[in-house]
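Within every chain, numbering begins at 1; the chains are lettered A, B, ... in the order of the sequence lines, protein sequences first and strands thereafter.
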Amino acid sequence: MSDQTPQQNPATPSAEALPKAYDPALIEQKWASYWLDQHLFDVPTPEPKSPGAPSIASSAMGGNEEPNRAPSRPSGGPREAEKGRANAFVQLLPPPNVTGRLHIGHMLEHTQMDILTRWRRMSGDTAVWIPGTDHAGIATQMMVERQLKSEGKSRTDFSREDFTARVWEWKQEYGSAITDQMKRLGASVDWSREYFTMDERLSIAVREAFVHLYEQGLIYRGAYIVNWDPILQTAVSDLEVENEERMGKLFHIRYELADGTGSITVATTRPETMLGDTAVAVNPSDARYKHLIGRKLRLPLTQREIPIIADDWANPEFGTGAVKVTPAHDPNDFAIGQRHPEIGSISILDKTAHIDLPGSPFHGLDRYEARERIVAELEALGLLVEIKDHPMTVPVSQRTSAVIEPRLSLQWFLAVNKIPSATTEEAGNTDRAGNTDRAGNTNRAGNTEGAGGFSPLNTPQHERGFSPGTVTRSSIAQKAIAAVEQGHITFTPDNHRKTYMEWMSNIHDWCLSRQLWWGHRIPAWHCNACKKITVSRDAVHACSGCGITDITQDADVLDTWFSSGLLPFTVFGWDGSNTLTPDLAAFYPTQQLVTGFDILFFWVARMIMLSTHFMLDVPTRDAGTGELKARTLADAVPFRNVYIHALVRDADRQKISKTKGNVIDPIEIITKYGTDAVRFTLASQSSPGTDIAFNEARTEGYRAFANKIWNAARFLFMNLDRAREAGYTITPPNPGAPFVTASSSRVGSTTPELPDHTPLESRWIFARLHAVSAEVHRALTDYRFDEAASAIYQFFWGEFCDWYLELVKLRLLFDIPVNPSLSLNPDTAVTLASLVTVFEAALRLLSPFMPFLTEEIWNALYNGAPPTKSIALTRYPQPSDFPSSDLTLTAMATMQELIAAVRTLRKDLAVPEKESTPIALHADARVLALTGAHADMLGRLARVSAIEFSTAPLTGNNTRSTPSFDVAVIYERQIDIPAERERLTKDLAKYEKGLQAAERQLNNESFTAKAPPHIIEGLRKQSTETRTLYDKTKSALAALD
RNA sequence: GGGCGGCUAGCUCAGCUGGUUAGAGCGCCUGCCUUACAAGCAGGAUGUCGGGGGUUCGAGUCCCUCGCUGCCCACCA
């Protein structure tokens, strides 16, 4: 094979044309660009179907010739339920950040998705895998700001418009790095459907979604405590905060009563917040403080008077039992403030976490500097009672690692636990800080008592369920819970379902706004006169309240996850009008989501919430009549199954991180071993529940596997060359035909079953192919990539190469007549046909796992003129394609056992490898017949020169026994007696133990009474066999002496 | 404070609803350049299945308990 384009392959496959060793670098690039250029995996928008003809299956495959499209998919697959729709297999690629570069985790995710996609596609489904990238608000803005910094500039040197223009420039230049890498890797995605989350089309959908939610009263704006990142100077959601265990200090501070008659000591870990204290709370049942409730305290350092209030939140067990209340800088204190509005709140920190109290001596100080100064002054005043070490969890920003400061600020929220309003009249119009007009619209305080809003926490389980007909009466969270509870969405592994449910049942309102410049800007306009907020899908030029034109658009952008949460339906053309677009009709819901645990809440949960909420309003088509009808929750879900993949760690099981310097660059590994080998490594390690320790040694092993396949191909081509030289026409099989055999002069015609004279090894390899393809289907249906990979590996190497190819040499290498007028020896003819057929099928079986290698060899097999554009468009092997019989399997197993026994004996006797020896054999009639018929196998694979059949059992030296035969190698040298005795003694002990265990069981009446018959039967058989072996070993041992 | 995993051969991992004498790859030992492949072929050694207890005719597999070891969630000053 040369580096020519695939269409111009050499006219004939030839062993000489293939390099001796497999070199992935020579072929991968070629095929990656071929697949891309041919738009092989692009799926056009299906034709809208008129009622009564709902299927779109045939139109969706994109104009390929497909002479052998699979007529039907294997029965019992998960998509049997997908009645009335095309056999569509749709997946959304978790969109990588535009700032991203491919890492080994992506590689795992993409490998799994690609295997599923290719397998489904080859099994006859319309497989659509949709790629795209995420604008990644914070990450991208940080990236560009860093770039500006290197130029000595900062964001604030630019206008908002100029800065975002700058980000777009950056995106154009660097934003495709990760998709370029994907293209190189040959991921079989539909590039014609590639999107960017800030594309015009998707931006419109985002605005539509926002406006809809606002009109339903589910989006509100208000002043609440949010997680504030003082470096990014924006609010971040709970999910973007990590909690770190740190040793901090607990400061006990004495607050004197205003009238000087006493004091209360409070405890705090953040003494600087006392500047914003507006009360001290004690538990109403706390006898120590009961008499002080309602009295005033003089707040040290400021001399402000603050009340002592009663609130259940104060825990008498903790610290002194009295807690200072800072409503503007602590979520719990904020909640207290809600219950005691009279105490008010005082903000003391600015956006950068510096003290913002003009006139105060601490004004302008950084929060930690202020803490030191305040502690020092309190100490000087004698008000610092004590300082204790105190283990605590500190909230830290995921992005910047800055300590998060809870801060009161005006933000937009999505009310996830609120029942949507039917009309727009009730729509939220909170427009002033801290003044929300609907009790339910609270965020963190929402679940505390007194807030009065709907909360899943205080809703009985049975009321939380979703039932048809109550769709619009259910909250977003209720629908998301019901979708999973009712089994419309499943998780693999299943334990993630529980995690999801826990989280969803305790969910808080979602802070949607970010104080950034890069992202989807919130479609709300503030009137500078009457203060009314106008939320609109279109640009607003005048206030909807007072009509004046002095209005400004809200400065905030939406959380990145808002737009990605909409993707399952916006990628299919949802535009807010609730019409069933052709793509939505054909492809929604998607079947499969493959993603990591780390974005289960960020993304998966949000997709479920937003998709079920919006898609319930989009009609669907009735499977029978084709008429439009209302969608149920079952069809509103964004996907049917969520497969959560493992985390890839380094070889020492360490988490991969840049700071640790143990980053595994997939491109580097790929350069070293080839994409196919890396893919196979990841697939074979993909077992549920465990993280993957990425071990290069293993990849090395799979590169050897690729090489093995490569050389098997060379062997095949060599034989095809020989046959051709001898004048025979070789036509490779038609992929997807049940199987192929040969007439005397033509290889490649199809017959329904194997010809009578088909040799044992060929019958056997077909039977194995039957079993293996069944196993692979089963494994992939269960997402057991590891089991599928290992079944194929074992088959290809351990059976096809180690046994079949070796046996096939019996028929091929010595037996092709050179005179074309003679007919080909029937053995040779059928063997050539079988060989080509099995090999071709094995390539198809392997193709989803190793697409490059299989594409290359498969094309070579057809002399560069294959029946379809790609092996990826052929039919995936089905068990029913291959004849199988148990008789064949046992016969072959016996031959293998016999060959292995002779090999072992020869090894023990140190017979030179090239020397053939006679053997003696004692066996039952079946084995004798078998051996007689297949002496040639023994001759070739075990170097047996002659067989002496013995009627008496063999117990002498140089003997090996199994339950069904004794075999001895007749040789001048005798076996090493001490070593043999040791081995036999060991065996004897083993058999004895096994025998005892088996007999104990069999003599146990409870066992025979309770165990299932096949187990008893099996144990009986085993017991008999072990008895035989025991006896044989015992006499062998005796014979030694 | 809750919750979820993992602990099986020197290493990395399989072992499905309990059922015959626990497997694979790598590594290790021995012999082979056998005309597809030395990135190979053939043969071989290696396990108190984390400890203890229980259920059962039968436990790596189920239950309890203890021990390491990861991860997730959480508003206790």
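Rounded to the nearest Å, the gap between the C1' atom of C11(B) and that of U34(B) is 32 Å. Taking the P atoms as reference points, C66(B) lies 14 Å from G3(B), given to the whole Å. Remark: the separation of the P atoms in U21(B) and C49(B) is 15 Å, to the nearest Å. Taking atom P on both nucleotides, U69(B) is separated from C28(B) by 32 Å, rounded to a whole Å. The same atom, P, is picked in C63(B) and in C16(B); the two are 14 Å apart, to the nearest Å. G2(B) and U48(B) have their P atoms separated by 36 Å, given to the nearest Å. Nucleotides C57(B) and C13(B), compared at atom P, are 37 Å apart to the nearest Å. Comparing U8(B) with G50(B), their P atoms sit 6 Å apart, to the nearest whole Å.
If you check every strand for non-hydrogen atoms under 4.0 Å, Asn495(A) touches sugar and phosphate atoms only. Contact annotation for Arg778(A): no contact, since no heavy-atom pair falls under 4.0 Å across all strands.
Regarding Ile644(A), its CD1 atom lies at a distance of 13 Å from the C1' atom of C4(B), rounded to whole Å. Here the P atom of nucleotide C72(B) and the CD atom of Glu502(A) are 16 Å apart, to the nearest Å. Lys1010(A) has its NZ atom 11 Å from the C1' atom of U55(B), to the nearest Å. Per the geometry, CG belonging to Leu861(A) stands 15 Å off C1' belonging to A36(B), to the nearest Å. Per the geometry, CZ belonging to Arg649(A) stands 10 Å off C1' belonging to G6(B), to the nearest Å. Rounded to whole Å, the distance from CG on Asp691(A) to C1' on U69(B) is 12 Å. Rounded to whole Å, the distance from NE2 on His390(A) to P on A77(B) is 4 Å. Protein atom CD of Glu242(A) is 11 Å distant from nucleotide atom P of A74(B), rounded to whole Å.
Both distances falling under 3.5 Å, in either a Watson-Crick or a G-U wobble arrangement, occur for no nucleotide opposite U17(B). When both pairing distances are held under 3.5 Å, C68(B) makes a Watson-Crick or G-U pair with G6(B). G1(B) is paired with C73(B) under the Watson-Crick or G-U wobble criterion, all donor-acceptor distances under 3.5 Å. With a cut-off of 3.5 Å on both Watson-Crick or G-U wobble distances, the partner of C49(B) is given as none. In this structure, G25(B) and C11(B) make a Watson-Crick or G-U wobble pair, each of the two defining distances being under 3.5 angstrom. When both distances must be under 3.5 Å, the Watson-Crick or G-U wobble mate of C62(B) is G54(B).
Among all heavy-atom pairs drawn from Val776(A) and Ala788(A), the shortest one is CG2-O, 4.1 Å. Between His329(A) and Arg407(A) the shortest heavy-atom distance is ND1-CA, 4.3 Å.
Between Glu244(A) and Arg246(A), at least one side-chain nitrogen of the basic residue sits less than 4.0 Å from a carboxylate oxygen of the acidic one, meeting the salt-bridge criterion. Between Asp782(A) and Arg784(A) there is no salt bridge, since no side-chain N of the basic residue sits under 4.0 Å from a carboxylate O of the acidic one.
Between the side chain of Lys20(A) and the base of C37(B), no donor-acceptor pair under 3.5 Å is found. Between the side chain of Glu806(A) and the base of A36(B), a donor-acceptor pair under 3.5 Å is found. Side-chain atoms of Asn707(A) and base atoms of C37(B) include no donor and acceptor less than 3.5 Å apart. Applying the 3.5 Å distance criterion, the base of U56(B) shares no donor-acceptor pair with the side chain of Ser1006(A).
Side-chain proximity of Phe601(A) to the nucleotides A77(B), G43(B), C72(B) is greatest for C72(B). Each of U12(B), A74(B), U46(B) was ranked by its minimum atom distance to the side chain of Thr393(A); first place goes to A74(B). Distance from the side chain of Ala1011(A) is smallest to G19(B) among U12(B), U56(B), G19(B). Closest to the side chain of Ala697(A), from the set A36(B), C26(B), A39(B), is C26(B). Checked against G70(B), A14(B), C41(B), the side chain of Asp786(A) finds its nearest nucleotide in A14(B). Comparing atom distances between the Glu913(A) side chain and each of C32(B), A77(B), U12(B) picks out C32(B) as nearest. With distances taken from any side-chain atom of Tyr991(A) to the nucleotides C73(B), G25(B), U21(B), the minimum falls on U21(B). Here the nucleotide nearest the side chain of Trp313(A), chosen from A36(B), C76(B), U12(B), is C76(B). Picking from A77(B), G40(B), G44(B) the nucleotide with the shortest atom distance to the side chain of Thr904(A) gives G44(B). Here the nucleotide nearest the side chain of Lys907(A), chosen from U21(B), A42(B), U56(B), is A42(B).
Side-chain atoms of Trp228(A) and Leu408(A), non-hydrogen and from C-beta on, never get closer than 4.5 Å to each other. Inter-residue side-chain proximity for Pro1012(A) and Ile1015(A) is flagged as met; some heavy-atom pair is nearer than 4.5 Å.
Take the nearest nucleotide of RNA chain B for Ala267(A) and for Thr499(A): the residue whose nucleotide is more 5' is Thr499(A). The residue among Arg903(A) and Arg1000(A) whose nearest nucleotide of RNA chain B lies closer to the 5′ end is Arg903(A).
Residue Arg784(A) has a polar side-chain atom (N or O) positioned under 4.0 Å from OP1 or OP2 of G15(B). One finds no side-chain N or O of Lys498(A) lying less than 4.0 angstrom from the OP1 or OP2 phosphate oxygen of G2(B). Put simply, Lys708(A) has a side-chain N or O that comes within less than 4.0 Å of OP1 or OP2 on C41(B). Residue Trp797(A) places at least one side-chain N or O closer than 4.0 Å to OP1 or OP2 of C41(B).
The environment of Glu386(A) atom CD is dense: over 12 non-hydrogen atoms of other residues, nucleotides or ligands sit within 6.0 angstrom.
With 3.5 Å as the limit, one finds no donor-acceptor pair spanning the side chains of Asn315(A) and Asn283(A).
Between Lys324(A) and the choices Asp330(A), Asp333(A), Asp311(A), Asp277(A), the salt bridge (Lys or Arg N to Asp or Glu O under 4.0 Å) rule is met once, by Asp277(A).
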